[in-house]
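See below for the structure under consideration.
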Protein chains: 4
Amino acid sequence: MRLGKTEEKRDSILQAAAKVFSKKGFYQARIEDISREAGVGKGTVYEYFSSKEALFKNMLVDLNREHFETVYEGCPPMGSVVRRLEKILVLHFKFIENQRDVGRLLIESHFSLGKEIHLWLWELQLEKIKDLAKIIDAGAAQGEFRRDVDVYLAAHIVFGAVAAVSGMIIMEEIPSGKLENLARNTLALVLRGLKVDT
Amino acid sequence: MRLGKTEEKRDSILQAAAKVFSKKGFYQARIEDISREAGVGKGTVYEYFSSKEALFKNMLVDLNREHFETVYEGCPPMGSVVRRLEKILVLHFKFIENQRDVGRLLIESHFSLGKEIHLWLWELQLEKIKDLAKIIDAGAAQGEFRRDVDVYLAAHIVFGAVAAVSGMIIMEEIPSGKLENLARNTLALVLRGLKVDT
Amino acid sequence: MRLGKTEEKRDSILQAAAKVFSKKGFYQARIEDISREAGVGKGTVYEYFSSKEALFKNMLVDLNREHFETVYEGCPPMGSVVRRLEKILVLHFKFIENQRDVGRLLIESHFSLGKEIHLWLWELQLEKIKDLAKIIDAGAAQGEFRRDVDVYLAAHIVFGAVAAVSGMIIMEEIPSGKLENLARNTLALVLRGLKVDT
Amino acid sequence: MRLGKTEEKRDSILQAAAKVFSKKGFYQARIEDISREAGVGKGTVYEYFSSKEALFKNMLVDLNREHFETVYEGCPPMGSVVRRLEKILVLHFKFIENQRDVGRLLIESHFSLGKEIHLWLWELQLEKIKDLAKIIDAGAAQGEFRRDVDVYLAAHIVFGAVAAVSGMIIMEEIPSGKLENLARNTLALVLRGLKVDT
DNA sequence: AATGAATGAGTCTTCATTCAT
DNA sequence: CATGAATGAAGACTCATTCAT
């Protein structure tokens, strides 16, 4: 299962890109910063990625894959959808917390990038929302969730709620130990709502 | 009630800035684009704002004020907090819808800007969240909302939810006529949650 | 002998120009600095002088006139040329010392200005050198100076020597009380030379 | 003894800088002029020098070194200090004449530059004056020069005199053949002074 | 395959000058 | 006459990208 030398170098560049882009944002990050961080020459970056934008996109795709593998695959469908959601939230918050800088990029769904790349990012986010929609749909099918809700809308709402709390974790530097509780509370609110039970 | 000529020009530059920054993002926007959009010379922009960054910040502050006046002040406390929230949501969604470009900037709380300005933006957002927290707190005090929720967390969640739906409105170009319904549904979900009533 | 209001304003602009140009040099000085220093509007400067360069030249001409009046006219031909030279040196050094900033400009015969203005400055300096040559010539005619010297060359040498000592006065902030002595020593060297008498 | 390619390029930029700065002065010279003169791209200049000012300073330091090597090192202490001075003057005048443009910069001790760089230039000049003072001091020690003169003052005077004559050479385009004679005459005046021997 | 020196297009910002009031 | 708001030409500097080694 060893990666070829080539694959290794490609990876180290992506790692470096994640670090530098996260810290400085797309426009402030310089290719040279990234190449130095990766310990390779500036020209080498262009051996593996055709442009700064391509590198950026690849980095995000990579990050998403890692996020997906950590959060969803590390948490397959199980009996209760609610339980699964709770587990997903915990894993997600931990992922965020483990990789502050990198996590910031995942939350920052919006960038001051050109329109084209902006749309591309929206697509990326939409996919996550659709994954969420499937889960919610499953919950409705199993009778755990109300059937009178617009699943697509609900997915957006849950996504936004989770993103906002993720931002809170990063910006307010919530300590690791409180994440499980935070996940539970967040989910509780999303599931039961604000209103007093009637 | 006439604005001085000077104030008028300052305003037209801010208007133009909102338009151009929204469309292109901070780094892609050129001062010249903005000055042309405003119908003034390039140098004139610098008569009113000391730098591109200063213009950007001023523009956001301005936008926030407008948003605040439209949404919150256009919707003072009333008997029911739930009713007030619903009204706020409708106004907010309409504000978003009316000024797609401009609205995009309000949602895009995160930019690929330098760390400093990024923090400044976070502060701006936090203020909005705190406004929300006050409303929720009032709801709890009046017995409309459950008392066992962390108000600060709840405010983040509502904020995130609303932001996500706002993004949906902009990106999927939801027609104006459906906004009231969308506001109702969003609020319903936030208030009652996903789970089936027990 | 009262100056008209107009003349007064023109003068205050020239004063301000001398101050600001001296402190910052031609390119670093901004017309606005000068107008503010003069207590007039920016546009007013252009009522009196057609351009920055014209203002600069006028200011130097003015300064030269003042210098000439102070130094040469305040010291008409008299019996001994040597005595006259000594008096001239004292007056010159005092002029320099009195108006450090302004004096600096007189010494700084060379500027990083465009070729054209540079030549003009050289002419200004050459006139002073020619005045000096006349004095030396008179000294030779009176038998005080050697007749075998090239008067024109000698004038350059004296001019350079005096300029260098003037620079010393400004840069090393020689106190006022030592100027007379310095003038005497400078003149002694110029008159008797370095070499031991044979 | 071959310079590395890199060193070569650095040098050609310095050469070009000397030429362009000399001709146009600091503020009128454009980096692009210099880069074109050097036959390199605009960006390349910044590979070697961090800013226009840094380039300017480096160029002057370089020039000074060259001047020093040509004039002083090409003329080591010998029996007679007077002889040495005469040789130095000849070499100096030839250096000036050989590199009119470049020489102009050496003479133009004063520029319309910011205060900071101005001070730096004064230091540069002061060093030369101190070198001169050492020579004069040696002359006094050897009994060739009078002992009752202030060596530091004398050095300033000689420096100023030489600078003024150098200016004459450049501005009046004294032909090469007359330089030796000019050096002799200049030195004679400096050594014996203007006054008739008593 | 890897490098980094070289490049020049692109942009913010300054400031002399103009001109409507 | 006096003003200062408006202008836009000009230039230092950055950095993605290329390419000879």
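Below, each value reflects all heavy atoms present in this structure, side chains not excepted, and no hydrogens, waters or symmetry copies. Order of the sequence lines sets the chain letters (A, B, ...), proteins ahead of strands, with each chain counted from 1.
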- Message: What is the separation between atom NZ on K52(A) and atom C1' on dA9(E), rounded to the nearest whole Å?
- Response: 15 Å
- Consecutive-pair stems (3 or more, Watson-Crick or G-U, under 3.5 Å) for DNA chain F: E:2-21 with F:2-21
- Query: Could you walk me through whether T6(D) and Y48(D) pass the side chain to side chain contact (heavy atoms under 4.5 Å, CB included) check?
  - Reply: CA-CA 9 Å; T6(D) 280; Y48(D) 291 89; 3.8 Å; yes
- Item | Among I34(A), T44(A), L55(A), the one residue meeting side-chain contact (heavy atoms from CB on, under 4.5 Å) with F49(A) | L55(A)
- Rounded to whole angstrom units, what separation is found between the NZ atom of K24(A) and the P atom of dC15(F)? 9 Å
- Determine, stepwise, if the pair E53(A) / K57(A) fulfils side chain to side chain contact (heavy atoms under 4.5 Å, CB included). CA-CA 6 Å; E53(A) 190 170 319; K57(A) 283 185 177 177; 3.8 Å; yes
- What's the CD-P distance between Q28(B) and dG10(E), to the nearest Å? 12 Å
- Nearest whole angstrom, please: distance from the C1' of dA5(F) to the CD of E7(B). 15 Å
- Note on the structure: Whole-Å distance, I13(D) CD1 to dT7(E) C1', equals 12 Å
- Task: Return no unless some side-chain N or O of K9(B) is found under 4.0 Å from OP1 or OP2 of dA6(F).
- Result: yes
- Note on the structure: To the nearest angstrom, the CG-P distance between L55(C) and dC15(E) comes to 16 Å
- D62(B) side chain to N58(B) backbone, donor-acceptor under 3.5 Å: no
- Query: Under the salt bridge (Lys or Arg N to Asp or Glu O under 4.0 Å) test, which residues partner K52(D), sequence neighbours left out?
  - Reply: none
- Task: Between S50(D) and S50(A), name the one whose nearest nucleotide on DNA chain F is closer to the 5' end.
- Result: S50(D)
- Task: Take atom CZ of F49(D) and atom P of dT14(F), then tell me their distance rounded to the nearest Å.
- Result: 15 Å
- Message: At a heavy-atom distance below 4.0 Å, what parts of residues 29-47 of chain B sit against DNA chain F?
- Response: V40(B), G41(B), K42(B), G43(B), T44(B), E47(B)
- Query: Relative to the ring of F21(A), is the ring of F26(A) parallel (under 30°), tilted (30 to 60°) or perpendicular (over 60°)?
  - Reply: parallel
- Item | Protein-nucleotide distance (E8(D), atom CD; dA6(E), atom P), rounded to Å | 11 Å
- Message: With a 6.0 Å cut-off (strictly less than), is the heavy-atom count around CD of Q15(B), excluding the residue itself, greater than 12?
- Response: no
- Hey, are the side chains of R65(D) and V61(D) touching, using non-hydrogen atoms and a 4.5 Å cut-off? no
- Worked verdict on K128(C) versus H67(C) for side chain to side chain contact (heavy atoms under 4.5 Å, CB included): CA-CA 10 Å; K128(C) 302 229 144 193; H67(C) 179 257; 2.4 Å; yes
